[in-house]
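Working notes, beginning with the structure itself.
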Amino acid sequence: MATISVRTRDGELHSFDGRIGASLMENIRNAGFDELLAMCGGCLSCATCHVYVEQLPTSANLPVSSIDETELLEGSDHRQENSRLSCQLPFDETLSGIVIGIAPED
Amino acid sequence: MKPGNLTQSFDCVIVGGGHGGSQTAAALRQCGFTGSIALIGAEPEIPYDRPSLSKDYLAGKKTFDRMHLRPQDFWGARDVELLLGRHVSRVDPTARTVMTDRGEHFSYGQLVWAAGGDPRKLTCPGSDLTGVFYIRSKADCDALLDVLPDAQRIVIIGGGYVGLEAAAVFREIGKDVTLVEALDRVLARVAGEPISRFYENEHRARGVDIRLNSGVTSLEETNGRVSSVALASGEAIAADIVVVGIGIIPSDGPLKAAGAEGPNGVDVDAFCRTSLPDIYCVGDCARLQYGPGIRIESVQNATDQATTAAKAICGEFKPYDAMPWFWSNQYDLKMQTVGLNYGFDSVVTRGDPASRSFSVIYLKNGAVLALDCINSPRDYVQGRKLVDSAARIDPAALADTSRQLKEIDLVTS
């Protein structure tokens, strides 16, 4: 089992088994977290799936942000160094144990 | 429940299973609404992402199970009753009931109308022939996908976003595509001329035969199937299938019949309330008090209006003032729009369209109204702030790509 932990905006941490091959956005949405709007459906056209990568498993790597992702994140008032758009992060076994925080709404 | 005479009661009935309807239900629960909720959807599927239909779904790049707006069990967990495959045919605002085409009656405490729109139908002779398709629902798209492998020559009627997105998909899988537009440019109703000309050039460069100023007089048939499209010029364009994308008609009939006001869509106030008591309207159907009154057909508008209505139902009256945004994907071109260009009196092109990364900025009386940004998320992001503040900037400075939008000084006057 590959697990994902999500911290909601009220600070609560929830863990669930992730689906390999789907994006973190899809995983978070499919687990029923309705704070994550993901309005464009994952096509990198908005920034409503903004998350913070709070903990990354040792030896795991995330894909480098594309220029488009970086630009979209720059538009957020809540951008941090660990900000990512979760639609751009495919979930696999190496990420089991990742801790993700849902960023505040812009 | 049995069809027929029993009336089932809900504290909130939502009509429409698209982005607006599903977000209304989700937002009600997020706001702490504890009453019963029913969501009545015309389609048999649970709420799904409609914009993908004319893009990744049509292209076979995205399976339907990845397009659900929420997972199936979300609705049960939120205690939202999904009543799918039903059309609401009547609203009785006095009895506070809605009736479906199955003869069911549902009574409501609050009603949220989020029924969206139906594709505007072609009306010329032959428009009901086999082989004529629309792209609005999964069923529409599936019917088209069924015959697509056997169709080589495709005529698209309508040069709006849906028609252009479909043209891009069809060219990418090697079909012969002709796009027929009645006006003198594509996207004429939504975008400025530089954007229209850019997309026309891009599609033509990829082999789409674009016919502007071309009215369709009839569709001709062979053995009961569409075989050509006759233009007002007298020319006939051979077609194995025809795809029509000429806009939508708001699905507001029952609400209008019940007395809701509004000439094109249903008039709503800043809280998405209609003129009828305890009836809200959100999404493609809702006519905003902006300019002369407009409807906005976008995911953003449906989602944000739904949140506004849900909050109002929960007693939190926060006027709708979300920043409009929209996107369109065609080939490797990503267009992002922010703001509404309604009433613009000048446009500035920022960057060279030939570079395939540029923006068009719409101004009214010198203030920034909106931007269409092609492959330029930086302008899109930075432009949001200019729209938000209705910034007044020297047009020459706006066009100067050596400086980022956020670094440009405002006109001081």
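Lettering of chains follows the sequences in order, A, B, ..., and the numbering in each one begins at 1. Only a predicted model underlies this, so the values are computations on that prediction, with no experimental measurement involved.
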Next on the checklist: What part of K62(B) gets within 4.5 angstrom of chain A, counting heavy atoms only: side chain, backbone, both, or neither?
Outcome noted: side chain
Checklist outcome for this item: Of D49(B), L69(B), D304(B), the one forming a side-chain contact (heavy atoms from CB on, under 4.5 Å) with M39(A) is D304(B)
Item to check | Under 4.5 Å from a heavy atom of chain A, the part of Q72(B) involved | outcome: neither
Checklist outcome for this item: For T303(B) and L37(A) the tightest heavy-atom approach is CG2-CD2, 4.1 Å
Checklist outcome for this item: When the 4.5 angstrom heavy-atom criterion is applied to D379(B) and chain A, the contacting part is neither
Checklist entry - Does any heavy atom of chain A fall under 4.5 Å from the side chain of R29(B), the backbone, both, or neither of them? => result neither
Item to check | Proximity breakdown for E74(A) and chain B, heavy-atom pairs closer than 4.5 Å | outcome: both
Next on the checklist: For F326(B), which atoms come within 4.5 Å of any heavy atom of chain A: side chain, backbone, both, or neither?
Outcome noted: neither
Checklist entry - So, does R66(B) use its side chain to make a donor-acceptor pair with the main chain of A22(A) at under 3.5 Å? => result no
Checklist outcome for this item: Honestly, the part of H68(B) sitting under 4.5 Å from a heavy atom of chain A is backbone
Checklist outcome for this item: Between the CG atom in D68(A) and the CD atom in Q336(B), the distance rounded to the nearest 0.5 Å is 7.0 Å
Next on the checklist: Can you give me the closest heavy-atom contact between A26(B) and D34(A), atom names plus distance?
Outcome noted: O-OD2, 4.1 Å
Item to check | Between C43(A), G41(A), S76(A), the one whose heavy-atom pairs under 4.5 Å with chain B are most numerous | outcome: C43(A)
Checklist outcome for this item: So, the part of R384(B) with a heavy atom under 4.5 Å from chain A: the answer is neither
Item to check | Where P71(B) and G32(A) come nearest, the two heavy atoms and their spacing | outcome: CG-N, 4.4 Å
Checklist entry - Do you know the tightest heavy-atom contact between K334(B) and S45(A)? => result NZ-OG, 3.6 Å
Next on the checklist: Report which part of E69(A) has an atom under 4.5 Å of a heavy atom belonging to chain B: side chain, backbone, both, or neither.
Outcome noted: neither
Checklist entry - What are the two closest non-hydrogen atoms of W325(B) and C46(A), and how far apart are they? => result CH2-CB, 3.2 Å
Checklist entry - With side chains defined as the heavy atoms from C-beta onward, is the minimum distance between N30(A) and R70(B) less than 4.5 Å? => result no
Item to check | Close side-chain approach of R378(B) to I67(A), heavy-atom, < 4.5 Å | outcome: no
